[in-house]
Amino acid sequence: MNATASGPEAPATTAHPSASVTPASATRTTQAPAVPPALLPAQGAATAGPGPGRHHHDPLDRPDAGIAADTAAAENLLRCWVRETNTPAPAGDTLRIPLAACGTALRVPVHHWSACGWHRFGTPVLVGAPEDSPAVDAVTLAVLLVREARYGGRGRSGRSDGADLVGRVADSVRRTAAFLTARRTAPGAAAGTSPFLDGEQSLLFGHPLHPAPKSREGLSDTEAAAYAPELRGAFPLHWFAADPSVLAADSAWTERGRTVPAERLTERLAGPGAGLRAGAPDGTVPLPLHPWQAHTLRHLPAVAELFAGGLLHDLGAHGPLWYPTSSLRTVYRPDAPAMLKLSLGLRITNSRRENLPKELRRGVEVHRLLRTGLGARWQSAHPSFDLVRDPAWLAVHGPAGEPVPGLNTVVRHNPFRPGDDAVCVAGLVSPRPWPGSDGRGVPPVRSRLARVLDRLAARTGRPPAAVATEWFLRYLETVVRPVLWLDGTAGIALEAHQQNTLVLLDAEGWPAGGRYRDNQGYYFRESRRAELDRRLPGIGAATDTFVPDAVADERFAYYLGINNVFGLIGAFGSQRLADERVLLAAFRRFLGDAALHGTGSGDAVSPLPRLLLESGTLRCKANLLTRLHGLDELEGPVDGQSVYVTVPNPLAGSGA
């Protein structure tokens with residue numbers, strides 16, 4: 001594409017209407033906002049707990065990658081069970097889990113009990129089993145927990161008999177072992193990899209509170225080598241050509257003040273000399289697809305009918321290599337001004353990852369909403385934070401105008417230049433191998449967060465736990481407070497979980513800004529409908545984005561509060577980087593300030609800080625039960641797509 005194209009988030013030196021947005025590259029050299037003195041822990045408090053330099057022999061470091069992967073999966077299952085059944089902390093260093101359906105129990109060594117749920121466990125043992133009996137591996141554990149859940153009435157739904165979950169656990173373990181083996185062979189970032197892509201490729205173990213985070217049913221090992229970010233996959237896009245009569249598209253992408261049609265954007269992304277037009281009939285529009293999706297859709301009746309009628313043409317693979325990000329379906333090239341969010345019908349975590357029509361429209365709608373002046377106000381209050389915009393899309397409809405599922409593509413702006421150190425929070429805290437050896441012949445498994453804090457402590461000469469606490473406070477100021485601003489000012493709650501949230505690090509490793517991405521994850525508060533409609537008439541009519549305030553509160557508290565911030569605190573604690581009690585106290589002070597003052601600029605205050613401070617319990621997504629119930633998070637009404645349970649609020653504990 002044209003090197004001078006401004007795209008939807010242009011620097012102020014261009015002619016783009018939204019020129020107030022600060023480019024990511026600028027945030028790398030801008031000092032992070034100072035932490036208000038009132039939010040700093042009491043004198044001496046930040047030095048509590050172990051420091052990041054104290055690496056210990058972790059079960060994930062076991063030389064046998066299969067055993068390490070199985071250990072990680074078993075820990076995930078146990079963490080899910082403890083959270084979703086409200087299992088209390090044990091009195092000692094052993095957790096006992098009754099298995100009434102089997103007439104026995106599990107005895108589990110506890111290496112770390114986390115106030116925020118990121119517990120660390122040893123290998124579980126069946127009470128009463130012979131001493132020489134095999135260990136309880138992850139698949140066996142899944143069978144036992146499924147049986148117990150169904151016996152207790154937690155897993156009965158008529159949609160799943162538990163076999164699906166057990167199969168996914170086995171698949172996830174096998175794939176995790178393959179990822180770990182490959183990364184131990186070549187630890188660290190690949191040559192020429194941008195910091196953004198390195199972070200996207202680093203989630204080897206996945207969500208620590210999901211029973212099967214790396215399950216990918218339908219993806220062969222050969223395909224995984226090309227399509228899996230954990231294996232540093234890369235592939236050219238597959239292209240169809242659509243007759244204009246069956247094409248649907250929208251674009252709010254501008255260059256030099258003019259809107260660029262989505263079809264022009266995608267065709268230019270094929271690259272010069274790709275030969276894309278050689279096989280395309282005159283007048284047709286090229287549509288980029290994920291290769292796996294293209295091969296799968298080709299044989300579906302609705303798509304076969306379009307091919308038979310001459311309304312769709314298969315152009316094959318063309319253009320340069322693209323790299324899958326942590327979601328698998330969003331692809332990236334460091335030198336391209338856009339990413340592409342492709343439909344992918346694989347069952348990954350809790351859903352098939354195909355773009356829905358309302359999500360296509362939602363990304364453009366949010367981009368247009370921000371251009372009404374809301375984005376400029378947000379940038380004025382928080383210049384180092386923004387949304388990664390989804391300002392264009394293309395889709396194919398059938399002859400009668402009905403959408404063809406999975407035959408669509410979102411054009412996502414790429415705000416990151418090759419040198420920008422932008423990393424999704426999940427990638428920052430995820431353990432992975434690094435160059436070196438722990439004395440047993442394998443690279444040690446640690447998170448990038450641990451390495452960043454190590455280096456900051458060494459550079460500053462300060463106590464490691466004090467550095468960790470300041471890093472956390474800067475994160476709250478540069479990433480969390482802007483998200484609260486958008487909710488308070490506009491009534492828009494973001495599904496800001498760790499994989500959707502990116503933190504921009506400065507040259508030393510301190511948080512200096514952030515980005516949010518995901519056209520699925522917006523909750524417009526019903527109470528703010530009138531004012532949002534005044535900004536953008538008709539907003540929400542085609543996107544199903546407005547929800548009751550109670551639903552917005554529940555989801556916002558889970559995604560930003562539990563998954564993002566409590567998850568980050570849990571990572572600090574479980575990785576022996578800081579004392580969770582200290583960070584919870586710091587978070588409480590931050591929320592108290594946000595509840596009283598918001599951004600300090602006179603804008604309305606989000607209700608989330610007060611909800612987190614005053615609620616003894618919170619509603620939390622239950623990934624294990626969601627899988628047991630056979631739910632797909634992208635299907636049905638927003639308040640019934642997942643199972644939610646009530647859990648204790650760690651801020652309400654005496655330690656916070």
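The basis for the numbers below is simple: all heavy atoms, side chains too, and nothing from hydrogens, waters or symmetry mates.
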Return a table of donor-acceptor pairs under 3.5 angstrom between the side chains of residues 201-208 and protein atoms on other chains or two or more places apart.
from : atom 1 : to   : atom 2 : distance (Å)
S202 : OG     : G199 : O      : 2.7
S202 : OG     : G427 : O      : 3.3
H207 : ND1    : L209 : N      : 3.0

Quiz item: According to the interplanar angle, ranging from 0 to 90°, do the rings of W485 and W378 count as parallel (below 30°), tilted (30 to 60°) or perpendicular (above 60°)?
Solution: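 Ring orientation of W485 relative to W378: parallel.
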
Find the distance between [atom1] ([X]) and [atom2] ([Y]) and round it off to the nearest 0.5 Å.
X: L473; Y: L476; atom1: CG; atom2: CG; value: 6.0 Å
X: L568; Y: Q498; atom1: CG; atom2: CD; value: 6.0 Å
X: Q520; Y: S327; atom1: CD; atom2: OG; value: 9.0 Å

Is there a side-chain contact between [X] and [Y] (heavy atoms, below 4.5 Å)?
X: L504; Y: F416; result: yes
X: V82; Y: W113; result: yes
X: Y475; Y: T501; result: yes

Quiz item: Honestly, is R412 close enough over Y332, meaning NZ or CZ under 6.0 Å from the six-membered ring centre and within 45° of the axis?
Solution: no

Quiz item: Who are the side chain to side chain contact (heavy atoms under 4.5 Å, CB included) partners of A392, not counting sequence neighbours?
Solution: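 Here the qualifying residues are S251, A262, L265, V411.
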
Self-check item: Results of side chain to side chain contact (heavy atoms under 4.5 Å, CB included) for R368 - residues two or more places apart only
Solution: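 R368: side chain to side chain contact (heavy atoms under 4.5 Å, CB included) contacts with D250, A252, V364, L536.
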
Can you list everything that forms a side-chain hydrogen bond (donor to acceptor under 3.5 Å, both in side chains) with [X]? Sequence neighbours excluded, please.
X: T87; value: T85
X: R448; value: D421
X: Y516; value: none
X: S447; value: Q575

Can [X] and [Y] be counted as an ion pair, charged N to O under 4.0 angstrom?
X: D553; Y: R619; result: no
X: R535; Y: E531; result: no
X: E495; Y: R555; result: no
X: R361; Y: E365; result: no
X: E200; Y: R517; result: yes

Please check this pair: side chain of [X] against backbone of [Y], looking for a donor-acceptor N/O pair closer than 3.5 Å.
X: D549; Y: S527; value: yes
X: D593; Y: F590; value: no
X: E580; Y: A115; value: yes
X: H210; Y: A212; value: yes
X: R329; Y: R353; value: yes
X: E359; Y: L356; value: yes
X: S606; Y: D487; value: no

Excluding sequence neighbours, so at least two apart, what forms salt bridge (charged side-chain N to carboxylate O under 4.0 Å, His left out) with [X]?
X: R529; result: E526
X: D533; result: none
X: R362; result: none

Self-check item: Polar contact flag, side-chain donor to acceptor under 3.5 angstrom, R371-T254
Solution: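 Side chains of R371 and T254: pair found under 3.5 Å.
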
Which heavy atom of [X] sits nearest to which heavy atom of [Y], and what is that distance?
X: L612; Y: A557; result: CD2-CB, 4.4 Å
X: E508; Y: R459; result: O-NH1, 3.3 Å
X: F385; Y: Q379; result: O-NE2, 2.6 Å

Practice problem: Please lay out, stage by stage, how K341 and D518 fare under the test salt bridge (charged side-chain N to carboxylate O under 4.0 Å, His left out). | Solution: CA-CA 10 Å; K341 187 175 184 180; D518 191 18; 3.1 Å; yes

Quiz prompt | With sequence neighbours excluded, residues passing ring pair (Phe, Tyr, Trp, His ring centres under 6.0 Å) with F587 | solution = F566

Quiz prompt | Which residues share a ring pair (Phe, Tyr, Trp, His ring centres under 6.0 Å) with Y323, sequence neighbours left out | solution =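 Per chain and number, Y323 pairs via ring pair (Phe, Tyr, Trp, His ring centres under 6.0 Å) with no residue.
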
Quiz item: How about W253 and H367: are their ring centres within less than 6.0 Å of each other?
Solution: no

